[in-house]
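Notes for the one structure printed next.
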Amino acid sequence: MEWAQEILNRSVTGYHQYYLNPGPGICYASENLCGMLGCRPEDLVSRQEDRYAQWIYPGDRGAYAAALKTLALRPQTRTIQYRLVGKDGSIRWVSDTLTSRMTQTGELQADSVLTDITGLKRENQELQYLNDTVPCGFMKYTCEATPRITYINDRMCGILGLPEGGDGQREYLELYKQNVYLMIPMDQRERMRRYLSRVYRRGTPIAGEITVLRCDGTKAHLFGWVTKCVNQEGQEEFQSVCMDVTDRYREKRAAQTQRYLKAVTEVYDLIFELDFPANTAKCLYGEKYPMFRWVQNISMEMGEAVEKWIRGNVREEDRDRIRDQFRGIYTGGWKTDDDQPLRLRYQGLSENGETVPYQGIFLQMEEGIYWFCCRSEPQETETLRSENTSLKENMQELMLRFTDGLAAFELRDGCVTPLYASDNVCEFFGFTREEWLPMMRRSTPIRTFVSRSDTAYEDFLALLQNGEREFTYFDLKTQRERRIKAICSRKSPGEGAVRYVMLYNLDPRQPESPEQPAQTPEVSIRTFGYFDVFVGSKPIAFRNKKSKELLALLVDRRGGYITSEEAIAFLWEDEPASPVTLARYRKVALRLKNILEEYGISEIVESVDGKRRIATDKVRCDLYDYLSGKEGCTQLFKGSYLTNYSWAETTLAELTGELVPR
């Protein structure tokens with residue numbers, strides 16, 4: 001019995017025994033309980049009265065008495081939390097686990113084991129203070145592949161639109177707590193996963209905007225931070241603080257949309273907004289179409305609006321075909337073979353009743369919402385559109401004189417807003433025509449704008465300052481590098497004036513393709529340390545960093561195929577797969593193909609249906625030799641692998657034998 005009392009005195013915060021029937025009264029109090037309260041055992045022990053209740057905080061005595069009353073009904077276990085007030089006035093929170101039992105004499109007794117939870121309560125009170133005073137959502141969640149929420153404050157529940165109290169809130173909370181990705185829209189989840197992986201890997205916080213799903217299916221836009229911490233139990237966890245910026249986002253988006261709409265109306269005659277989730281359509285612009293002008297910006301049922309447009313604007317012979325194409329759009333999605341915007345061509349009716357070739361194009365604005373824009377085909381050859389008559393005359397004159405290309409854009413506060421461009425100028429800056437249109441909706445920092453091209457930022461600034469510069473860029477149409485002279489002028493004085501960029505082709509004659517060598521040169525690849533590729537003893541001088549990184553990624557896969565979407569996730573880890581990134585990836589893959597052809601080793605990379613792999617039997621690689629266990633190769637690895645690239649850390653961990661989460 002003495003050893004049992006010793007355990008109770010040393011291993012728990014406090015222990016005592018009750019008489020419940022008759023009672024309640026305490027028949028035993030441990031030394032540690034008395035020490036915590038600052039009293040003697042005789043101050044607590046009594047069969048006639050519950051002296052222990054006098055040490056309980058007055059506001060908690062009712063719940064305590066109710067728990068004892070329930071215990072006296074039958075043998076059972078209850079756990080309650082309350083505060084104890086010591087003799088010195090100190091207050092402690094305890095968790096009291098009470099177990100009632102029947103003795104051999106027929107008396108009902110209870111054992112009470114106390115746990116000091118003062119520290120935990122203090123932490124929760126601090127969190128509650130933050131919850132009440134800081135207008136931010138706050139969450140803690142695990143670092144697992146499927147993160148589980150361990151704490152979420154009321155503000156975050158409000159942002160998510162969770163019902164206040166009741167079973168509804170508990171049901172939604174339980175769903176979110178099991179998987180934090182359930183509050184993220186499907187198209188944003190991969191982006192969120194990469195953000196968390198990046199925070200976990202680098203150990204540094206990330207700030208940015210993200211879209212979340214409210215419980216009613218609507219979306220909220222948040223700005224916040226994610227960081228990795230270690231909690232009191234020594235476990236790694238993510239913590240997020242975020243603010244609801246939905247209203248600001250909508251205002252900004254509305255302003256951008258209006259600016260974009262104004263630019264698009266310079267090119268297209270009729271613009272519809274198609275909202276597929278709501279099955280509605282509305283005419284955003286149609287000054288030349290009286291039948292739509294009076295219902296402009298009024299939502300209509302989509303099928304009715306499309307049929308109205310077909311009957312009033314499409315030649316009768318083409319109507320059934322256009323109807324079938326629209327039905328295919330409704331049911332078959334929006335993807336095309338080349339990931340370009342979907343286009344419709346038809347014979348339309350002009351204002352005077354004449355039949356004119358027309359083209360319609362679908363531009364995605366956001367998930368499920370598209371703009372359907374129409375214009376007559378003859379206008380498609382008109383590369384530049386004017387903001388006013390003077391600008392139009394100037395641009396037409398320039399186009400007559402300079403046929404190699406022309407662009408116009410506005411510079412203000414270190415940012416650029418593209419206005420117009422011929423196709424080869426879009427390519428000069430690293431964009432396709434479809435990518436250029438969204439750029440017209442917003443201002444982009446000059447450094448970001450130039451980063452898509454092969455042009456150095458300093459060279460572009462020199463063009464703006466000096467008025468002319470020579471550049472080398474990759475022409476998508478000819479699939480070759482071209483030498484271009486760019487001339488920059490401005491419409492009027494001033495920092496924010498519209499600038500023109502005119503291109504002169506300095507290399508008009510395309511060089512003939514070099515003949516392929518009779519035999520493929522020996523190719524050796526170095527992955528331990530920095531990544532490099534050698535043809536014979538000559539290193540390949542990659543002109544594009546991303547094409548070199550793509551080859552490194554293929555080497556890392558050790559002969560396995562990699563899809564476009566997978567490659568994009570590594571090459572641009574902060575951007576999801578989209579028509580923009582897919583177009584960018586195709587350009588990188590094409591540049592890799594060309595540089596390999598230039599060195600006569602194109603067969604080391606195989607491509608099937610858009611997937612690519614390294615032909616391991618046609619190269620010699622230190623990684624492959626090391627993994628093969630060949631004699632003399634076991635000492636090749638010195639502890640570093642593809643030092644150029646952060647995504648190589650997983651393979652590095654395999655090589656070093658370390659187990660890295662995620």
Side-chain angles (χ1 to χ4, degrees), residues 260-274 276 281-293 296 302 305-330 332-365 369-386 392 395-396 399 406 418-427 431-441 476-477 579-580 583:
Y260 185 41
L261 178 62
K262 183 178 179 181
V264 175
T265 56
E266 292 289 328
V267 181
Y268 296 100
D269 302 327
L270 181 65
I271 303 171
F272 277 99
E273 181 182 86
L274 306 179
F276 276 76
K282 62 182 175 183
C283 179
L284 301 180
Y285 176 77
E287 294 300 319
K288 297 181 180 179
Y289 297 83
M291 64 185 302
F292 290 111
R293 193 184 306 149
Q296 194 161 308
M302 188 181 297
V306 171
E307 182 63 26
K308 190 178 185 70
W309 168 75
I310 291 175
R311 288 184 175 276
N313 300 275
V314 180
R315 186 182 63 173
E316 186 172 357
E317 291 82 350
D318 291 342
R319 290 176 185 173
D320 288 340
R321 176 175 58 84
I322 295 299
R323 289 189 185 102
D324 290 341
Q325 288 179 319
F326 263 93
R327 277 193 289 269
I329 291 168
Y330 298 152
W334 297 85
K335 288 190 175 180
T336 58
D337 293 339
D338 56 359
D339 293 312
Q340 298 298 318
L342 190 64
R343 301 174 187 271
L344 299 180
R345 284 184 167 83
Y346 58 94
Q347 293 294 320
L349 303 175
S350 65
E351 294 179 75
N352 56 13
E354 296 179 355
T355 300
V356 178
Y358 269 80
Q359 178 187 157
I361 184 173
F362 294 88
L363 303 175
Q364 184 173 9
M365 305 306 294
I369 298 179
Y370 292 78
W371 283 5
F372 177 58
C373 311
C374 308
R375 67 178 179 182
S376 58
E377 286 279 13
Q379 292 176 325
E380 189 170 354
T381 60
E382 182 181 319
T383 309
L384 304 177
R385 299 300 299 262
S386 61
K392 182 174 182 179
M395 295 180 111
Q396 288 176 340
M399 284 301 293
L406 176 65
L419 300 176
Y420 314 102
S422 55
D423 289 340
N424 55 347
V425 176
C426 294
E427 294 162 9
F431 298 96
T432 64
R433 164 65 65 181
E434 286 71 24
E435 292 173 323
W436 191 275
L437 282 174
M439 296 284 291
M440 296 165 61
R441 287 189 283 166
L476 284 176
K477 290 184 178 179
V580 173

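Shown here are the side-chain hydrogen bond (donor to acceptor under 3.5 Å, both in side chains) partners of Gln347, two or more places apart in sequence or in another chain: there are none. Contacts of Arg311 classified as side-chain hydrogen bond (donor to acceptor under 3.5 Å, both in side chains), with partners at least two apart in sequence or in another chain: Glu307. For the salt bridge (Lys or Arg N to Asp or Glu O under 4.0 Å) test, no residue two or more places apart in sequence or in another chain qualifies with Glu316. Residues forming a side-chain contact (heavy atoms from CB on, under 4.5 Å) with Arg321 (at least two apart in sequence, or on another chain): Asp318, Gln325, Tyr346.
In this structure, the separation between CH2 on Trp371 and CD1 on Ile361 is 12.5 Å, given to the nearest 0.5 Å. If you take CG on Asn313 and CZ on Arg319, they are separated by 9.0 Å, rounding to the nearest 0.5 Å. Note that CD1 of Ile322 and CH2 of Trp309 are 5.5 Å apart. Values are rounded to the nearest 0.5 Å. One finds the CD1 atom of Ile271 at 4.5 Å from the SG atom of Cys373 (value rounded to the nearest 0.5 Å).
Side-chain contact between Phe372 and Leu344: present, with at least one pair of heavy atoms (C-beta onward) separated by less than 4.5 Å. Side-chain contact between Phe362 and Leu274: present, with at least one pair of heavy atoms (C-beta onward) separated by less than 4.5 Å.
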